[in-house]
Amino acid sequence: MIDIVETYREMASGLVDMHISSGSMKLNEVMKVLTTVATIFIPLSFIASVYGMNFNRGISPSNMPKLDWYLGYPFALLLMGASAAGLLWYIWKKAGCDKRPA
């Protein structure tokens with residue numbers, strides 16, 4: 001009887017370990033996605049916050065020269081798009097998603 005109980009205890013312990021490992025793998029996948037999203041959106045937030053500040057060009061001519069530029073807004077959007085595309089490309093290459101199966 002003691003051997004049977006010991007066997008069942010070991011099996012239960014193995015099942016608990018497998019369940020915890022499965023949960024850890026799911027959490028790891030979620031963390032990868034959240035890290036990727038944060039990596040892409042943090043530079044975009046920085047660019048938007050810098051261009052969203054109200055600098056007074058009358059006080060100092062070195063305050064954000066692109067604010068008076070006619071194409072300043074499209075330039076900021078292009079800069080944000082290029083940085084997001086560059087980061088996506090870098091993450092894609094680093095993850096090895098461009099490799100074709102043999």
Side-chain angles (χ1 to χ4, degrees):
M1 262 329 227
I2 293 175
D3 287 340
I4 292 173
V5 169
E6 185 68 27
T7 302
Y8 285 150
R9 188 185 68 78
E10 289 294 324
M11 286 174 49
S13 176
L15 287 173
V16 167
D17 288 343
M18 187 170 41
H19 177 70
I20 290 172
S21 176
S22 173
S24 294
M25 285 175 38
K26 288 179 185 176
L27 180 64
N28 196 14
E29 290 297 320
V30 169
M31 290 303 292
K32 281 184 194 177
V33 171
L34 290 175
T35 301
T36 303
V37 169
T39 301
I40 293 168
F41 279 103
I42 287 174
L44 300 182
S45 299
F46 175 74
I47 294 169
S49 66
V50 168
Y51 272 90
M53 291 182 189
N54 294 322
F55 290 106
N56 188 354
R57 294 265 309 159
I59 293 175
S60 172
S62 64
N63 285 339
M64 290 292 287
K66 299 272 190 257
L67 289 179
D68 292 335
W69 188 30
Y70 180 73
L71 297 174
Y73 183 68
F75 173 74
L77 289 178
L78 183 66
L79 182 63
M80 286 190 263
S83 66
L87 285 170
L88 280 172
W89 176 81
Y90 178 75
I91 291 169
W92 186 268
K93 289 286 189 182
K94 198 75 168 162
C97 295
D98 61 337
K99 295 184 174 92
R100 301 198 179 183

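All values below were derived from every heavy atom in this structure, side-chain atoms included, with hydrogens, water molecules and symmetry-related copies excluded.
- Here the CD1 atom belonging to I91 is positioned 12.0 Å from the CH2 atom belonging to W89, to the nearest 0.5 angstrom.
- When the side-chain hydrogen bond (donor to acceptor under 3.5 Å, both in side chains) test is applied to E10, no partner is found at least two apart in sequence or on another chain.
- V50 and L78 are members of different hydrophobic clusters when ILVMFWY side chains are connected at heavy-atom separations under 4.5 Å.
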Would you list the atom pairs, donor with acceptor, under 3.5 Å between side chains in residues 21-45 and any protein atom, with sequence neighbours excluded?
residue	atom	partner	partner atom	Å
S24	OG	I20	O	3.1
T35	OG1	M31	O	2.7
T36	OG1	K32	O	2.9
T39	OG1	T35	O	2.7
S45	OG	F41	O	2.9

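- I2 forms part of no hydrophobic cluster, judged by ILVMFWY side-chain heavy-atom separations under 4.5 Å.
- Here the shortest heavy-atom pairing between S83 and I47 reads OG-CD1, 4.0 Å.
- The other members of the hydrophobic cluster of M11, by chain and number, are I4, Y8 (side-chain heavy atoms under 4.5 Å, ILVMFWY only).
- The same ILVMFWY cluster, assembled from side-chain heavy atoms under 4.5 Å apart, contains both L77 and L79.
- Applying the salt bridge (charged side-chain N to carboxylate O under 4.0 Å, His left out) test to pairs two or more places apart or on separate chains, none has a residue in residues 74-88.
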